[in-house]
Amino acid sequence: MPVTPSAFGLSADEATELHLEIGFSECIAEIRSQTQPVFEIMHRLPDIDLRDIDLYFFAFCLTGHSGEAQISKLQMRGTHESLGYVFPMTFFRGEAAIDGVWPKRYARVAFHKLINLSNIANFAPEATLHGLRDKCIFPDELFPDDLSIVVAGLRNMEGVGIGIEQFKLMLLAQKITILDRYERDRNFCSLDKFSISVSLSTISPVIDEDIDVIFQLLRQSDADPSEVGRFLKLYQLIEYSIEKVYAWGIKALSEMDISSWRLKKKLSAITADRFRLSILAAHCLQPTVNQVAFDAVAVACRELLEDLGEELEGSRSWHHFLYNVRNIVVHDQIKLIRTPNDFLPTLNDALRDVCFELISSLTKPDFSTIWSLPEDEVAIKGTD
């Protein structure tokens, strides 16, 4: 098994000379150098048959809940179809009972997927062969004990029609953050409270081609220590959504047989951000969308705008308030600085929920129907 140059702090030449490899036997993983044992990693998991580990997805993650017994089952929302589990790094000590055959099988797979030289290189930067020599340790003595790991069946995922990139985004929606490498200073959104069962929503096929980019954007927003920076990153997903609305609207117009005057009016409307936002709210979200998230954004925006002394006229929609906040953040940050308040963090939390509602509920509407509506009815539904 090839070793990454940074594993155990070794250079590439040192690693090659040592011929490091890992062998498994019962409850032990043995790290060997030229067939001589160096140290061991152990677990206290129940004895059960080991499945083919290549049939499972594995990743390090952050949840904010890393107690030994805090094991979560991952399942699809609505159907409750099982996908896998989230295990805290400390659970390998085995002091907390694992109930059921399948959690035990996933746990065995988790240990075998966890203990490899690449993972040690990427997630155990403090580990040295000298410091570990002749020891027998638990995984949380090698890897940071506030990490967790995700293990999911690839066939389970295939059965419900989701890929790995979709899965990572679905986990992020539930504040389970997949990591590609060790992060010393970790900023991430933690689960509000531990749950033994985590329900995952599917991702809209509309964003399939951009899933990885959207994951990176939302991950960066979670890690941004600045609330203004966080808002701007989250709002990019709103921009992304209304760009879809623009593309759909233009394509539909190109296929319609209408007068040049009507075409001019509709082109003028679809180029306006506020109009596209109203179309998004009225026509581009599935009926199952969680309206509570949008209501929370409206409340948080209104509170912020009122505190800043902005004039508010009557009952307005979430997107009307949000666009007003966007204009202040983009064009008048001095006003934000002059009026320090605690509303922007609350707004960002609510906006994060809205972003994940968008990526799960965004759908292409029938623009031929929308454009055939009278001008004053095009964006009425769901706007107030």
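All values reported here derive from a predicted model rather than from experimental measurement.
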Whether [X] and [Y] hold their rings parallel, tilted or perpendicular, with breakpoints at 30° and 60°:
{"X": "Trp371", "Y": "Phe275", "value": "parallel"}
{"X": "Tyr106", "Y": "Tyr56", "value": "perpendicular"}
{"X": "Phe60", "Y": "Phe123", "value": "parallel"}

Between Arg155 and Glu158, is the closest basic N to carboxylate O distance under 4.0 Å?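 Judged by the 4.0 Å cut-off on N to carboxylate O distance, Glu158 and Arg155 do not form a salt bridge.
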Other residues, nucleotides, ligands: >12 heavy atoms within 6.0 Å of [X] [atom1]:
{"X": "Asp49", "atom1": "CG", "result": "yes"}
{"X": "Glu311", "atom1": "CD", "result": "no"}
{"X": "Glu255", "atom1": "CD", "result": "yes"}
{"X": "Asp47", "atom1": "CG", "result": "no"}
{"X": "His130", "atom1": "NE2", "result": "no"}
{"X": "Lys251", "atom1": "NZ", "result": "no"}

Do [X] and [Y] come within less than 4.5 Å of each other through their side chains, counting heavy atoms only?
{"X": "Ile242", "Y": "Glu239", "result": "yes"}
{"X": "Val109", "Y": "Leu50", "result": "yes"}
{"X": "Phe367", "Y": "Ile250", "result": "no"}
{"X": "Phe294", "Y": "Val289", "result": "yes"}
{"X": "Phe8", "Y": "Leu117", "result": "yes"}

For [X] and [Y], does a side-chain donor sit closer than 3.5 Å to a side-chain acceptor?
{"X": "Asn324", "Y": "Arg302", "value": "no"}
{"X": "Ser25", "Y": "Glu30", "value": "no"}
{"X": "His319", "Y": "Ser317", "value": "yes"}

Same cluster (ILVMFWY, side-chain, under 4.5 Å), Val330 and Phe343: yes
Side chain to side chain contact (heavy atoms under 4.5 Å, CB included) partner of Glu141, chosen from Arg93, Met42, Lys135, Met89: Arg93
Shortest non-hydrogen contact from Ser148 to Pro88? OG-CA, 3.6 Å
So which heavy atom on Ser195 is nearest to which on Ser72, and how close?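 What the structure gives for the nearest pair is O-OG, 2.6 Å.
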Once salt bridge (charged side-chain N to carboxylate O under 4.0 Å, His left out) is applied, what residue pairs with a partner in residues 346-355 remain, sequence neighbours excluded? Asp222-Arg352, Arg230-Asp349
